[in-house]
Amino acid sequence: IERINVNGNLRTKDHVIRREFRLAEGDAYNPLLIDRAKKRLNALGFFKSVDVKRRPGSAPDRVVLDVDLVEQSTGELSFGAGYSTAEGVIGDVSISERNLLGNGQFLRLRLAGSMERMQVDLSFTEPRFLDQNLSAGFDLFHKEIDQRSETGYESTRTGGTVRLGFPLSEDLWMQTGYTLEYTKMDVDERYLDEVSRVVEEEYARNDDSLASSIGLSLTYDRRNHPKNPTGGYYLQLATDMAGLGGDVQYVRVNGEGRFYYPISEKITFVGRAIGGHIEGWGGDDIRLTDLYYRGGETIRGFDRAGFGPRDLSHSRKDALGGRTYWATTAEGRFPLPFVPD
């Protein structure tokens, strides 16, 4: 390869594009590596189209590569509003930039809420930390969830995560992180005698906690497109351990697998399996706020915290959360008719 020319990147910096190639000027021409680089450039989401052309160089054994790009908008300001039978009126506003200052960095600020939930998130990711093939970033969050009608209590979570990820192979990615999270449990004193005894005893024993945890996740992604896949599969296994200081000690494992198969040009079959388990260690039991509460977000048709253990001895039948859950779903995905791509 005599030269690699990059054309059309008016905003994206040159090195952001060139680092997606696993070869450089002076290397032997390899069409497989060129095709993979084109796929990675498309996956960035910065460009409407990516085309890599080959033409003769200054000698018979040399070629020149022309990388022709058409950029697209990477900043987004979005508003959303709707109605949910589980949460009432819901709203969402977010501002995000996938290519911050042309450096390929990701930044997002999001505010979402409903009659029973309020959430604020700030996320930043540097995909090439220290100019190495490392992804680094942080997340800050604050969540207020009112589940009094399902569990008898409200919860507030505030914290942050710092993370570092790196590839083990072309499709296998590992990410590590450290999370510090403060959780507060609140029960209306006026209705304390109406909630489950389990909730009452937990609230009396400790209404807040500080969790200090480290996490590790493995992601294997063989989808043909990261945002709108029509073929391939996606596997993820994540575990985190709390107890490096703080008030709680547990080990939690979550897993997910998704399989995509094209039924026709417009219809894609999607199979999904998810599950998780949490267990205390060092003599600690799991607090109610750390257990799994699953409902319609996991299997359509269920109410919030709609399935799992409940206190049937109490008139409210409060959901108490579970240590283990699993679910499988199958669906067909298709574009909305009469709506442009």
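All values reported here derive from a predicted model rather than from experimental measurement. Only this structure's heavy atoms are used, side chains among them; waters, hydrogens and symmetry mates stay out.
Applying the side-chain hydrogen bond (donor to acceptor under 3.5 Å, both in side chains) definition to pairs two or more places apart or across chains, those involving residues 232-243 are T219-Q236, Y234-Q236, D240-R252. Sorted by first then second residue, the side-chain hydrogen bond (donor to acceptor under 3.5 Å, both in side chains) pairs that include residues 263-272, not counting sequence neighbours, are E256-R272.
The environment of R54 atom CZ is sparse: at most 12 non-hydrogen atoms of other residues, nucleotides or ligands sit within 6.0 angstrom. Atom NZ of K184 has more than 12 heavy atoms from other residues, nucleotides or ligands within 6.0 Å.
Residues passing the salt bridge (charged side-chain N to carboxylate O under 4.0 Å, His left out) test with R197: none are found, sequence neighbours excluded. With sequence neighbours left out, the side chain to side chain contact (heavy atoms under 4.5 Å, CB included) criterion links E200 to L192, V195. The side chain to side chain contact (heavy atoms under 4.5 Å, CB included) search around S169 returns L172, not counting sequence neighbours. In terms of the ring-ring contact (aromatic ring centres under 6.0 Å, His included) criterion, F259 has no residue partners (sequence neighbours excluded).
S196 and D311 share a donor-acceptor pair across their side chains, judged by distance under 3.5 Å alone. Under 3.5 Å, the side chains of Q119 and D121 contain a donor-acceptor pair of N or O atoms. Residues S212 and Y178 bring a donor and an acceptor atom of their side chains to less than 3.5 Å of each other. Inspection of the D208 and Y182 side chains reveals an N or O donor paired with an N or O acceptor under 3.5 Å. Defined by atom type and a distance below 3.5 Å, a donor-acceptor pair is missing between the side-chain atoms of Y203 and R205. T74 and E97 share a side-chain donor-acceptor pair at under 3.5 Å.
Between D171 and R222 there is a salt bridge, with a side-chain nitrogen of the basic residue lying less than 4.0 Å from a carboxylate oxygen of the acidic one. Using a 4.0 Å cut-off between charged nitrogen and carboxylate oxygen, K48 and E71 do not count as a salt-bridge pair. Salt bridge annotation for D92-R110: present, with a cationic side-chain nitrogen under 4.0 angstrom from a carboxylate oxygen. Between D186 and R148 no salt bridge is recorded (no basic side-chain N to carboxylate O distance below 4.0 Å). Residues D35 and K39 are not paired through a salt bridge, judged by the lack of any N-O separation under 4.0 Å between the basic side chain and the carboxylate. Between E25 and R3 there is no salt bridge, since none of the side-chain N atoms of the basic residue sits less than 4.0 Å from a carboxylate O of the acidic one.
W326 forms part of no hydrophobic cluster, judged by ILVMFWY side-chain heavy-atom separations under 4.5 Å. Cluster partners of V52, using a side-chain heavy-atom cutoff of under 4.5 Å among ILVMFWY residues and allowing indirect links, are I1, I4, V6, V16, I17, F21, L23, Y29, L33, I34, L41, L44, F46, F47, V50, V63, L65, V67, L69. Membership of the apolar cluster around L237 extends to V253, as traced through chained side-chain contacts below 4.5 Å between ILVMFWY residues. In this structure, W173 stands alone, with no Ile, Leu, Val, Met, Phe, Trp or Tyr side-chain heavy atom under 4.5 Å from its own, directly or through other members.
When each of N9, N5, N7 is tested with D68 by the rule side chain to side chain donor-acceptor pair (under 3.5 Å), just one qualifies, namely N7.
Contact detail for S213 and A242: the closest heavy-atom pair is CB-CA, 3.7 Å. What you find for S209 and R287 is that their closest heavy atoms are CB-NH1, 2.8 Å.
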Distance-only donor-acceptor pairs under 3.5 Å for side chains of residues 131-139, two or more places apart:
{"from": "D139", "atom 1": "OD1", "to": "S123", "atom 2": "OG", "distance (Å)": "2.7"}
{"from": "D139", "atom 1": "OD1", "to": "R163", "atom 2": "NH2", "distance (Å)": "3.1"}
{"from": "D139", "atom 1": "OD2", "to": "R163", "atom 2": "NE", "distance (Å)": "2.7"}

Listing, residues 300-309 side-chain donor-acceptor contacts under 3.5 Å, not counting sequence neighbours, or none:
{"from": "R300", "atom 1": "NH1", "to": "E331", "atom 2": "OE1", "distance (Å)": "3.2"}
{"from": "R300", "atom 1": "NH2", "to": "E331", "atom 2": "OE1", "distance (Å)": "3.3"}
{"from": "R304", "atom 1": "NH1", "to": "E116", "atom 2": "OE1", "distance (Å)": "2.1"}

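Remark: K143 is positioned above the aromatic ring of F141, its terminal NZ or CZ atom under 6.0 angstrom from the ring centre and at most 45 degrees off the axis. Judged by the 6.0 Å distance and 45° axis criteria, R98 is not positioned over the aromatic ring of F106.
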